[in-house]
Asker: 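Please read through the structure below; I'll follow up with questions.
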Amino acid sequence: MGAQQEPENNHHLVTSEDQDHPANLIPSLCAKFWNLGWVTGTGGGCSIRDGDLVYIAPSGVQKELMKASDLYVLSLQQQQPDLKNRTYVRSPPHGKPSQCTPLFLAAFTRRGAGCCIHTHSQWAVLVTLLLEAQGSGSDKVFEINNIEQIKGFGRGFQKSGNLGYHDTLRIPVIENTAHEEDLTEFLEEAMDKHPDTYAVLVRRHGVYVWGDNVHKAKTMCESLDYLFQLAVQMKHLGIPWLSDIPETLPRAKADIK
Ligand SMILES: CSC[C@@H](O)[C@@H](O)C(=O)COP(=O)(O)O
Ligand SMILES: [Zn+2]
């Protein structure tokens, strides 16, 4: 899908002294993600939506070395309704926008997300491999409960609050495709089937995680990676991901009248 450039290249959209400006945040977040093994060897990435504008990294570049001036900017309003043949209000002189663009756009348009992160974390890939080895339908959803870090997740789309300790976190898994863009219809299908999910695993590939804003997308992505790593070690030790722990926790003082 070629990037059709607007006649006027709005460089000012990626020029700011503010470290929290999306054009500065994407490179700084990707540099952090590279240290976590999330965006190794040009794989993975991150996109931010600020109102109508979506900031996108270039394709096939070392994501940890990106600069604000390398970024593409797209206006959601200016796209065709099907979001194909995308036009950009700002493009760098060379290259192409990330192949993950239609997947990021799915999170922005279907979930109103403000940020979407794609990682190639080995923990995410290993979880999909373990589910695949388990087979018989269970390989389509990763499920885990009774782990404190689950509380790092929102309850779901347009719902307030977070999951509780005893809730089960469910992350759907889709099959990988030869080209990243071809994942889009399967990601959208998974979003429809699991309306409350904030993430979708891609078999033998990685994970997409989104949130209302950068803070939420980042903390959920970190929580997930923690849980994926834990899940791999639990499997290694023969401990199941789902457990039936009764509510035996001591009640908070405020609850005791
Ligand atoms: C190591 S190549 C990985 C790509 O094919 C893809 O999976 C990816 O995550 C990044 O695509 P990109 O177009 O560079 O943003
Ligand atoms: Zn990828």
Side-chain angles (χ1 to χ4, degrees), residues 1-5 14 22-23 25-49 54-74 83-88 90-108 113 115-129 132 142 171-191 197-210 214 217-218 220-221 224-225 228:
M1 210 66 64
Q4 295 169 27
Q5 192 158 347
V14 293
L25 264 183
I26 291 179
S28 68
L29 285 172
C30 282
K32 290 186 172 75
F33 297 164
W34 184 81
N35 284 311
L36 296 168
W38 289 3
V39 294
T40 306
T42 78
C46 166
S47 177
I48 296 175
R49 179 181 68 85
V54 173
Y55 294 77
I56 294 160
S59 181
V61 302
Q62 298 180 74
K63 302 286 175 10
E64 77 282 11
L65 301 183
M66 243 182 332
K67 301 183 298 294
S69 58
D70 297 330
L71 298 181
Y72 291 79
V73 185
L74 171 157
L83 293 173
K84 297 210 171 111
N85 299 312
R86 294 174 289 279
T87 58
Y88 291 79
R90 197 273 153 175
S91 303
H94 307 290
K96 283 192 298 188
S98 170
Q99 291 175 41
C100 311
T101 302
L103 294 114
F104 293 145
L105 292 180
F108 300 146
C115 176
C116 185
I117 300 167
H118 171 44
T119 91
H120 281 199
S121 163
Q122 291 194 5
W123 301 116
V125 176
L126 276 168
V127 160
T128 69
L129 290 171
E132 185 181 84
F142 167 69
I171 308 293
V173 183
I174 59 173
E175 301 306 319
N176 199 25
T177 54
H179 304 286
E180 192 95 18
E181 290 207 337
D182 298 337
L183 289 170
T184 314
E185 62 177 296
F186 302 107
L187 180 102
E188 290 175 349
E189 221 173 81
M191 282 174 157
T197 193
Y198 284 103
V200 172
L201 277 159
V202 185
R203 180 114 48 219
R204 294 170 176 263
H205 180 155
V207 66
Y208 278 84
V209 186
W210 58 89
V214 173
K218 179 174 176 287
M220 284 198 275
C221 200
L224 253 194
D225 207 56
F228 291 155

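Order of listing sets the numbers, starting from 1, for every ligand and every atom in it.
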Asker: Any atoms of ligand 1 less than 4.0 Å from a non-hydrogen atom of T42? List them with their elements.
Answerer: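 Numbered from 1, ligand 1 contributes 1 (C), 2 (S), 10 (C), 14 (O).
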
Asker: Going by the angle between their ring planes, with limits at 30° and 60°, are Y72 and Y88 parallel, tilted or perpendicular?
Answerer: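 It falls in the perpendicular class, over 60°.
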
Asker: Tell me whether the rings of W210 and Y198 are parallel (<30°), tilted (30 to 60°) or perpendicular (>60°).
Answerer: tilted

Asker: Return the option from E181, H205, H120, H179 holding the heavy atom at the smallest distance from atom 3 (C) of ligand 1.
Answerer: H120

Asker: For ligand 1, which atoms, with element, lie under 4.0 Å from some heavy atom of H118?
Answerer: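 Taking each heavy atom of H118 in turn, ligand 1 has 9 (O) under 4.0 Å.
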
Asker: Give the contacting part of Q99 toward ligand 1: side chain, backbone, both or neither, where contact means a heavy-atom distance below 4.0 Å.
Answerer: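 Within the 4.0 Å criterion, Q99 contacts ligand 1 through backbone and side-chain atoms alike.
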
Asker: Answer yes or no: does an N/O atom from S59 fall short of 3.5 Å to an N/O atom of ligand 1?
Answerer: yes

Asker: Output the list of atoms in ligand 1 that are nearer than 4.0 Å to some heavy atom of G60, sorted by atom number.
Answerer: 12 (P), 13 (O), 14 (O)

Asker: Looking only at protein heavy atoms, which one is nearest to atom 6 (C) of ligand 1, and what is the separation?
Answerer: E180 OE1, 2.7 Å

Asker: Would you check whether K63 reaches within less than 4.0 Å of ligand 1, judged by its heavy atoms?
Answerer: yes

Asker: Is any N, O or S atom of H118 under 2.8 Å away from the Zn ion (ligand 2)?
Answerer: yes

Asker: G44 near ligand 1, heavy-atom distance under 4.0 Å?
Answerer: yes

Asker: Sort out for me which residue in F228, F142, W123 forms a side chain to side chain contact (heavy atoms under 4.5 Å, CB included) with V207.
Answerer: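 The residue from F228, F142, W123 that satisfies side chain to side chain contact (heavy atoms under 4.5 Å, CB included) with V207 turns out to be F228.
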
Asker: So if I count the atoms of ligand 1 from 1 in the order they appear, which ones are less than 4.0 Å from some heavy atom of G41?
Answerer: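 Close to G41: 1 (C).
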
Asker: Going by side-chain hydrogen bond (donor to acceptor under 3.5 Å, both in side chains), name the residues that satisfy it together with E64, two or more places apart in sequence or in a different chain.
Answerer: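 With sequence neighbours excluded, E64 shows a side-chain hydrogen bond (donor to acceptor under 3.5 Å, both in side chains) to W34, given in chain and number order.
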
Asker: Got a salt bridge between R86 and E181, using NZ or NE/NH1/NH2 to carboxylate O under 4.0 Å?
Answerer: yes

Asker: Can you find a non-hydrogen atom of G45 under 4.0 Å from ligand 1?
Answerer: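 It does not; every heavy atom stays at 4.0 Å or beyond.
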
Asker: Any idea which protein heavy atom is nearest atom 15 (O) of ligand 1, and the distance to it?
Answerer: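 Scanning the protein heavy atoms, the shortest distance from atom 15 (O) of ligand 1 goes to S98 OG, 2.7 Å.
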
Asker: Determine the sole option in L83, V54, I56 for which the side chain to side chain contact (heavy atoms under 4.5 Å, CB included) test with T101 is passed.
Answerer: I56

